[in-house]
Colleague: 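Pasting a structure here, questions to come.
Lettering follows sequence order; numbering is per chain, from 1.
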There are 4 protein chains.
Amino acid sequence: MSEKRVRADARRNEDAVLEAAKAVFASSGVDAPVREIAAKAGVGLGTIYRRFPERSDLVAAVFRREVDTCAAEATALAESHPPGEALVLWLKRYTAFIATKRGLAAALHSGDPAFEKLPGYFRSNFEPALTALLDAAAAAGEVRAGVAAYDLLRAVGNLSIASDEDGPAYTAGMVDLLIDGLRFRAVRPAEK
Amino acid sequence: MSEKRVRADARRNEDAVLEAAKAVFASSGVDAPVREIAAKAGVGLGTIYRRFPERSDLVAAVFRREVDTCAAEATALAESHPPGEALVLWLKRYTAFIATKRGLAAALHSGDPAFEKLPGYFRSNFEPALTALLDAAAAAGEVRAGVAAYDLLRAVGNLSIASDEDGPAYTAGMVDLLIDGLRFRAVRPAEK
Amino acid sequence: MSEKRVRADARRNEDAVLEAAKAVFASSGVDAPVREIAAKAGVGLGTIYRRFPERSDLVAAVFRREVDTCAAEATALAESHPPGEALVLWLKRYTAFIATKRGLAAALHSGDPAFEKLPGYFRSNFEPALTALLDAAAAAGEVRAGVAAYDLLRAVGNLSIASDEDGPAYTAGMVDLLIDGLRFRAVRPAEK
Amino acid sequence: MSEKRVRADARRNEDAVLEAAKAVFASSGVDAPVREIAAKAGVGLGTIYRRFPERSDLVAAVFRREVDTCAAEATALAESHPPGEALVLWLKRYTAFIATKRGLAAALHSGDPAFEKLPGYFRSNFEPALTALLDAAAAAGEVRAGVAAYDLLRAVGNLSIASDEDGPAYTAGMVDLLIDGLRFRAVRPAEK
DNA sequence: GATGAATGAGAGTTCATTCAT
DNA sequence: GATGAATGAACTCTCATTCAT
């Protein structure tokens, strides 16, 4: 059987769809018509519906894929940079992730069961990643301890939501301001 | 004579529509069906369309009315509280204003000409109001100087957008963290 | 479309929709596209959906209206004709009713809650009507007693389903054959 | 050599498809998705379309196959039972045939050219079969003569259409009633 | 030959906007 | 002026049919 070759095509198409969806969601929000995504991906409507029976399934798939990618970078950064720097760099990376999620917050509250697991997925991937970065930075006396990673994720997330509109430079500035908030009353290690 | 009566009626209706729209936008977002607003206001659909030829006109009207109300409170607070406190209180008030604007950010980017002037209206009302509060607080050494009021408006705005979801307490906490960022490196008057 | 229609014509529109639906259901079955009905009624799609939020509501409304009309004729016929004749005439009338119900039987078994009450409506209107006719005819010795009205309703109903195809004359002939079945072993009053 | 094997395979597949289609049509109607049939037959969609270029071709093929089988049983019954009994038994068998044809009547009126020849096929197979049974029963004085076989085919067919719904017992009862209609005024052979 | 991924027309349904009353 | 019935564009989703592998 030529199953494998067919699958290769399918995989290519699935990638194309996810890429197109990511782009369309970023520019037009998660409520963008499925047709627009199909057109951008260069596939038929049915191809999308075959893999993602409801539009919400597609939204969820794009979301998960990007969460995976973004969370993976946290450890990479932690290994290649000093703690404070790694923290800031990753928050910036995370900022870019959020910037493509226009309209998702609203969708998450729509009650659609396809979205039910997304907040959990988000948290279980990002919270440990950011906690590690935060702990390391606190240990180095760069930031105050005791700030919940999850709260910070949401705060930076909210700050980043309008990034397209205000420009990345603005978002960066505000995240810096928030990090300054963390630095306020930070305790430097005694020996230092 | 009858003109006057008619105007009074019209005004009453317009108020009812704006109040209803404000409530509906806050709970269902600015994409809520016009019908819902008409029903809540107790008027016919046509009455809304007479005054606000397109949906976006109604959104804009509600927005402007609330901007006016909120901006007016800045001066009131400045007169009745010490600078640092007035700043924090108003930011909290502003936080409540934003919390009812779910979906507006997206609408502002829709390209609808009815929304074109809204950002300008927002800025020209809120920026001076916050600048005054900020300057007073900086003069009192409560916060660092040099932070642009407009940037802060957007930052707090974004932090507040998800307030319903995360709870007002969370929003308050994050705004406090941001204000801590402002306090970081603030220069106390004595040292000046 | 015509220029004059609205509130007073709402009634006219509802009638037009029901008439159009009746005709379309009769010719294309109850699964006919709503668009087709709208076109035939000369109204917009939304007009139909305003009154009949789901297509099944429209099907149900048409059904009820015709049940009412047809059942009412049973008593009229009973009063104006001798028992045996009234029975046959009404069954013929009922035959015409069924002939327009193509596809309804299947729809009734679809599990759609909008159809749940239809069989009950059908039965509670038609069964008493036919029972009266049957009893009178049996009392006159025209047909055998002991045949359940409901069974006969279904039998004649099924015989009539394809009437369009086979022609009313054929249906009439077969209903006659069925009635001959009823006459077989009928007990004449004198012999009683 | 391999040709023979391929043919055997093909035949096996065709059989599987026809069996599956028969079952699916019986349970879900002739409008059931082709996919469902392919899945039940354990073949790919393409395999069905290779042999039956359109859905309607498959419907027609299933129909013809069952007509053949059912018609063949008429002669078998005539040889193994007395005339009146053979008639009743075959009508019951025919009743089962019809019971699996839900939705076909509507399809026949769709105007699809693939169905054009089906009524003729039906008639040319069943009419002689039933005529023979009817003539034999009339000759034996069991039923009245002069009833057209074709009319009776359609009548019993229509009575049977809803058999699933009303239950086979009900259908049997109504067919019996119809046969009683035939017995009404039957002329017993003088000598008997 | 068989497979099933891909296609896209078409159907149901929603809701902004128009306009007769 | 107010009302709400009517309109129809636009959206999601289904499934017959085609065709690359």
Side-chain angles (χ1 to χ4, degrees), chain A residues 1-14 17 31-36 38 41-56 58, chain B residues 2 5-7 9-10 13 31-36 38-39 42-56 58, chain C residues 1-14 17 31-36 38 41-56 58, chain D residues 2 5-7 9-10 13 31-36 38-39 42-56 58:
Chain A
M1 276 178 221
S2 51
E3 240 177 28
K4 270 178 183 166
R5 283 229 299 268
V6 168
R7 273 191 200 163
D9 269 19
R11 159 81 49 117
R12 220 177 350 261
N13 266 340
E14 179 152 345
V17 168
D31 291 328
V34 175
R35 264 184 177 65
E36 194 179 333
V43 304
L45 257 181
T47 301
I48 293 185
Y49 277 98
R50 155 182 290 272
R51 286 174 219 294
F52 310 102
E54 307 194 4
R55 59 177 284 95
S56 52
L58 177 56
Chain B
S2 85
R5 276 247 312 281
V6 166
R7 271 193 203 166
D9 279 8
N13 265 341
D31 291 328
V34 175
R35 257 181 180 58
E36 198 178 332
V43 304
L45 267 176
T47 303
I48 294 186
Y49 277 98
R50 159 174 299 273
R51 286 177 216 294
F52 310 102
E54 307 195 2
R55 223 187 134 13
S56 49
L58 177 56
Chain C
M1 308 274 154
S2 71
E3 274 92 47
K4 293 184 180 176
R5 67 198 116 106
V6 160
R7 196 158 311 160
D9 285 20
R11 159 75 54 114
R12 205 163 321 153
N13 264 342
E14 177 151 345
V17 168
D31 291 328
V34 175
R35 271 178 176 72
E36 193 179 335
V43 304
L45 260 180
T47 302
I48 293 186
Y49 278 98
R50 154 181 290 271
R51 288 175 215 297
F52 310 102
E54 306 195 4
R55 58 179 284 98
S56 52
L58 178 57
Chain D
S2 85
R5 276 249 312 283
V6 167
R7 272 192 202 166
D9 279 9
N13 266 342
D31 291 329
V34 175
R35 258 182 178 61
E36 197 178 330
V43 304
L45 267 175
T47 303
I48 294 186
Y49 276 97
R50 158 175 299 273
R51 284 175 219 295
F52 310 103
E54 306 194 5
R55 230 186 122 23
S56 49
L58 177 57

Colleague: Would you say a side-chain N or O of R51(B) is under 4.0 Å from OP1 or OP2 of dA2(F)?
Modeller: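 Yes, such a contact exists.
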Colleague: Should dA2(F) form a Watson-Crick or G-U wobble pair with both distances under 3.5 Å, which nucleotide is its partner?
Modeller: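 Checking every strand shown, dA2(F) finds its partner in dT21(E), with both distances under 3.5 Å.
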Colleague: Select one nucleotide: of dC13(F), dT3(E), dA2(F), the one nearest the side-chain heavy atoms of T47(D).
Modeller: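 Among the listed nucleotides, the one closest to the side chain of T47(D) is dT3(E).
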Colleague: Take atom CD of E14(C) and atom C1' of dG4(F), then tell me their distance rounded to the nearest Å.
Modeller: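 Computing the E14(C):CD to dG4(F):C1' distance gives 15 Å.
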Colleague: Among dA2(E), dT13(E), dT18(F), which nucleotide sits nearest the side chain of E54(C)?
Modeller: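 For E54(C), the side-chain atoms sit closest to dT13(E).
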Colleague: Return the polar atom pairs (N/O with N/O) between nucleotides 9-11 of chain F and the protein under 3.5 Å, or none.
Modeller:
residue, atom, partner, partner atom, Å
dA10(F), N6, R35(C), NH2, 3.2

Colleague: Mind checking whether V17(A) and F52(A) have side chains closer than 4.5 Å, heavy atoms only?
Modeller: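 Touching, per the 4.5 Å side-chain cut-off.
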Colleague: Applying the Watson-Crick and G-U wobble criteria at under 3.5 Å, what pairs with dT14(F)? Answer none if nothing qualifies.
Modeller: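 Answer to the pairing question: dA9(E), which forms a Watson-Crick or G-U pair with dT14(F).
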Colleague: In this structure, how many angstroms lie between the C1' atom of dA20(E) and the CZ atom of R50(B), rounded?
Modeller: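 Rounded to the whole Å, the gap is 14 Å.
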Colleague: Whom does dT14(E) pair with, Watson-Crick or G-U wobble, provided both distances fall under 3.5 Å?
Modeller: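 Answer to the pairing question: dA9(F), which forms a Watson-Crick or G-U pair with dT14(E).
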Colleague: Take the protein atom OH of Y49(B) and the nucleotide atom C1' of dT17(E), then report the distance between them rounded to whole Å.
Modeller: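 These atoms are roughly 5 Å apart.
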Colleague: Rounded to the nearest 0.5 Å, what separation is found between the CG atom of L45(C) and the CZ atom of R35(C)?
Modeller: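 Answer rounded to 0.5 Å: 5.0 Å.
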Colleague: Is it true that a side-chain atom of R51(A) and a backbone atom of L58(A) form a donor plus acceptor pair closer than 3.5 Å?
Modeller: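 Such a contact is absent between R51(A) side chain and L58(A) backbone.
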Colleague: Let me spell it out: for each of I48(A) and V43(D), pick the nucleotide of DNA chain E with the closest heavy atom. Which residue's pick is nearer the 5' end?
Modeller: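 Per heavy-atom nearest nucleotide, the more 5' residue is V43(D).
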Colleague: Send over the distance from F52(B) CZ to dT18(E) P, rounded to a whole Å.
Modeller: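 Nearest whole value for this atom pair: 16 Å.
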Colleague: Could you tell me how far apart E36(C) (CD) and dA9(E) (P) are, to the nearest whole angstrom?
Modeller: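 My rounded result for the distance is 20 Å.
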Colleague: Main chain of P33(C), side chain of R55(C): is a donor-acceptor contact present, judged purely on distance under 3.5 Å?
Modeller: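 No, the answer is negative, given that no donor and acceptor are paired below the 3.5 Å cut-off.
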Colleague: Figure out the CG/P separation between L58(A) and dT12(F), and round it to whole Å.
Modeller: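 So the two atoms are 11 Å apart, to the nearest Å.
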Colleague: Between N13(C) and dA5(F), does any side-chain N or O lie under 4.0 Å from OP1 or OP2?
Modeller: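 For N13(C), the contact criterion (side-chain N or O under 4.0 Å from OP1 or OP2 of dA5(F)) is not met.
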